[in-house]
Amino acid sequence: MANSKLPVLPLPHPTILLPANRITIQVSNDVGESVVALIEESDALPVVAAIPVASDTKSTLAEFGTAARILRLVRPPGRNSRQGYLLTLHGLNRVRLLTPYRPDPEYPFTPCDIQYAPAEKVPSRKSVDTFKQSALRLLDRLARDAGQQIRRDGYNKISAMLEDITDSRASWMADILVGTVNVTFGDKLSILAMNEAEGRLTLAAEIFAKQASIHEVSTKIASTVEESVYKQQKEMFLRQQLAAIHKELQSLSGGSNGGIQNSSSELDDDEQHEADDLADLKRRIEAMDPGSEERKMGVREWRRLKRIPQGSVENGVIRSYLEWLTAVPWPNSSLEAPRPIRDRSFLASARAQLDSDHFGLEKIKKRLIEFLAVVRLRELNEERERAVAAAAAPPPVVVEQKEEVKDADGENAKPAAPAPRQVRKSVKGPILLFVGPPGVGKTSLGQSIAKALDRPFQRIALGGVRDEGEIRGHRRTYVASGPGLIVQAMRKAGRCDPVLLLDEIDKIGHGSFHGDPSAALLEVLDPEQNHTFNDHYINVPIDLSQVLFICTANSLETISGPLLDRCEIVQLSGYTYDEKMHIAKRFLLPKQLTANGMDADHVQLTEPALMTVATQYTREAGVRSLERAIGAVVRYKAVEWAERVDEQQQAAAGDAPKEVREYSAVVEESELEAILGIARYDGEEREREERRGVVYGLVVMGQGEGGILPVETIAVPGAGRLKLTGSLGEVIKESGELALSWVKTHAYELYITNSRAQDPLKVPELIDIHLHLPAGAQKKDGPSAGIAMVCAFVSLLTGARVPTHVAMTGEITLRGRVTPVGGIKEKVLGAHRAEVTKVILPWANRKDVEHDVAPEIRNVMEFVFVRTVNEALDAAFGKNTLGWRKENGPLLLESRL
Ligand SMILES: Nc1ncnc2c1ncn2[C@@H]1O[C@H](COP(=O)(O)OP(=O)(O)OP(=O)(O)O)[C@@H](O)[C@H]1O
């Protein structure tokens with residue numbers, strides 16, 4: 001190892017000069033001047049010890065460096081002091097600094113003691129081979145990824161050289177390669193410090209292997225980044241172009257908002273939202289079933305939208321159309337029956353659901369369970385059939401989703417191969433029609449069915465719908481057009497298989513110059529047609545076959561025949577007071593308590609109080625008014641409670657002048673008047689006066705509610721005619737004529753006239769009979785008032801009276817037979833509410849009373865079933881009240897048949 005003295009040149013961090021390498025560095029003017037002096041001093045090219053600075057934070061020099069020959073020095077042009085000199089060095093040998101370097105400000109190149117590295121041994125074959133392999137792999141990669149041909153050629157040349165190199169020159173080659181390729185400062189420094197050939201080759205092989213894999217990864221990352229950057233740039237570029245085109249189009253169409261863009265940043269937000277909305281719309285179109293009608297329509301309208309300038313009316317129309325189109329829940333391709341249906345315990349849990357939502361209604365619940373069982377069986381059968389068919393069918397052709405997505409926006413989109421859409425077929429069970437008075441739970445039963453099936457529930461109110469367009473939507477040519485009620489409900493439901501409740505189909509208008517809404521409903525409800533329901537606005541067939549429709553109505557009379565034909569009627573009647581009490585306690589009160597933020601400890605209605613609310617404050621078949629009245633009581637108590645809490649707080653804060661009022665949770669019957677006001681139905685029965693010519697009949701009103709109705713008759717001077725008033729329909733008028741004819745025929749037997757030939761309206765005086773049914777504004781029709789009319793005429797003509805606790809219903813024939821009528825349960829319940837205790841009914845209606853009327857009512861009322869008018873008269877006036885002539889003529893005998 002030879003020692004010597006060499007001027008030290010610190011290399012700026014992170015420059016390192018390895019032996020056999022050449023570098024050019026920039027040096028300060030002082031250093032440059034010193035190099036000039038050095039060159040001038042020496043005969044040959046001067047040699048310096050080029051020592052790297054060990055770290056970028058400290059200026060301490062590394063221990064090792066390279067003896068380097070100064071090859072060239074370039075002065076800065078025009079003595080530009082800031083630019084510095086350029087110095088080219090050629091590395092010769094490894095050196096080690098023996099003494100610490102202390103620069104002299106006067107003369108930077110102070111010679112220092114250095115030691116040259118010893119002569120190297122020839123490295124082993126193995127390490128040379130490993131080194132060569134590693135270096136060749138790296139060079140190969142570098143050549144492959146080099147952008148320019150000239151660099152690629154350079155790497156290839158070095159590779160060729162490396163292959164031919166001798167073992168003794170391998171370590172020299174290692175220095176050249178480490179100096180050339182881009183390795184870290186640390187790696188270079190460790191190569192510099194390694195003055196043994198064998199060790200240097202091993203170290204170089206490791207460095208090259210590491211470098212090769214780093215290079216590989218970074219190339220990969222670079223290419224990925226490049227790709228995404230390219231995509232983003234491309235998108236940005238295209239968007240900018242699009243924006244520019246829009247702007248141009250706007251200015252062409254006279255838009256004067258050119259300057260707006262620069263002036264306000266608020267508008268930028270709007271633009272952003274606009275862009276987001278459009279992107280959302282586009283995404284929704286892309287998500288539509290490829291090849292489907294709706295997607296084709298969506299794509300077509302989307303293209304139109306792009307062509308029409310923003311802000312124009314047409315643009316808005318298309319936008320809102322597309323929003324609707326994409327919001328309709330189009331059938332998905334899920335072929336599985338919904339989960340709850342497949343569940344084995346489905347029927348049991350459906351039953352539990354119905355029970356937890358409704359009291360009583362046993363027959364209805366039984367019918368609904370049957371209905372749900374049918375729905376389940378059909379769905380499961382369908383699923384099985386589909387599975388078999390799918391197993392037999394050839395495998396489906398897979399269509400790349402990515403291509404389809406492009407089509408939605410691409411101008412040159414080819415029509416996608418329309419793969420037939422596979423959807424669950426319709427359940428095609430019967431369409432249920434709940435008929436009954438208001439507030440008996442028709443709507444809430446529909447909700448329970450939806451809950452049991454785990455499907456969304458939507459109610460469509462059809463009351464007062466007069467225009468077909470309300471159901472089917474209006475064509476887009478109309479100003480402010482939009483889709484119909486069905487599509488609106490489907491959108492709200494958000495699924496293609498909701499339960500839709502068509503509420504009050506009996507109140508829907510029939511044909512007018514706006515079209516017939518009930519005809520549109522026919523299409524909706526027809527399982528053969530509703531898989532292609534056509535909403536005029538959407539204008540793409542919508543599949544409603546998976547929707548479960550349930551209808552409700554108060555009465556069947558106004559429902560058109562064809563509509564009725566599609567439905568299966570489930571009749572709900574009113575509740576007895578007993579049932580109402582249960583419903584109130586178990587359902588209505590807890591519901592109202594929750595709705596008003598109270599709990600059961602805050603309000604307790606005593607049994608007599610509840611009964612009074614039911615009997616004297618409400619008189620309805622259902623429980624809606626009862627619920628309202630209970631709600632009013634709860635709210636009253638809520639106010640009391642809140643006041644008391646406030647007073648307590650004030651008292652606690654010490655600023656309450658008054659005493660805290662007492663609060664009692666219990667509501668007694670006596671408090672009801674203060675809470676709900678004067679009872680509406682209090683003592684009404686007492687007002688029912690027993691009068692000549694007045695009889696109470698039983699009726700079912702328009703809302704399906706039963707009740708009693710007085711049949712009033714008076715005799716007025718006249719010409720033997722009958723006058724009927726009170727908004728009577730044809731049938732009821734005829735039944736009045738019929739009743740009078742019967743009375744005229746039997747006037748002799750009833751001691752009204754003295755001979756069979758006399759007309760009771762002409763002898764002894766000439767009179768007219770005026771029959772009136774009160775509540776004149778309410779339309780009345782039907783034949784069921786027959787026996788009530790006969791009784792009223794007989795009462796008028798004989799002077800006998802029918803007690804006010806008696807009411808009756810029944811149709812009569814000319815021969816005096818009493819034939820059955822409908823609505824018995826409602827009528828009996830209505831009579832019970834009106835505190836009638838004796839009801840006269842046709843003999844043939846016995847079974848209705850047995851089946852439909854609750855035992856608690858049957859037990860407190862007297863039912864007289866009559867076959868003939870004579871029996872009815874006896875039951876109404878009391879046996880032997882009316883005198884009957886003994887000699888029974890042939891007519892009377894006939895009437896007893
Ligand atoms: N059997 C019952 N058990 C529990 N609650 C009931 C029962 N029947 C009705 N209700 C309650 O009465 C209220 C009114 O019922 P709903 O709205 O279903 O009546 P509706 O028959 O549909 O009336 P409308 O013909 O006027 O639409 C609801 O809060 C409902 O939960």
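One-based numbering along the sequence shown. These numbers were taken from a predicted model, which means no experiment stands behind them. Counting starts at 1 for both ligands and their atoms, following the listed order.
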Side chains of Thr612 and Glu669, donor plus acceptor under 3.5 Å: yes
Compute the minimum heavy-atom distance from Asp357 to ligand 1 and say whether it is under 4.0 Å. yes
Touching ligand 1 at all, Lys591? Heavy atoms, strictly under 4.0 Å? yes
Side chain or backbone of Asn554 under 4.0 Å from ligand 1, or both, or neither, by non-hydrogen atoms? side chain
Give a yes/no on ligand 1: does Leu361 have at least one heavy atom closer than 4.0 angstrom to it? yes
Of Phe587, Tyr575, Phe359, the residue with the heavy atom nearest atom 7 (C) of ligand 1 is Tyr575
If you measure every N or O of Gly441 against every N or O of ligand 1, does any of those distances drop under 3.5 Å? yes
Salt-bridge criterion met for Lys637 and Glu640 (N-O under 4.0 Å): yes
Counterpart residues, salt bridge (Lys or Arg N to Asp or Glu O under 4.0 Å), relative to Asp848 (two or more places apart): none
Give a yes/no on ligand 1: does Gly439 have at least one heavy atom closer than 4.0 angstrom to it? yes
Aromatic plane relationship, Trp324 with Tyr537 - under 30° parallel, 30 to 60° tilted, over 60° perpendicular: perpendicular
Do me a favour and list the nearest non-hydrogen protein atom to atom 11 (C) of ligand 1 with residue, atom name and distance? Val623 CG2, 3.9 Å
Taking non-hydrogen atoms only, is Glu627 closer than 4.0 angstrom to ligand 1 via side chain, backbone, both or neither? side chain
Candidate with minimal heavy-atom separation from atom 24 (P) of ligand 1, of His358, Gln447, Arg624: Arg624
Any luck finding a side-chain donor-acceptor pair between Ser545 and Asn530 under 3.5 Å? no
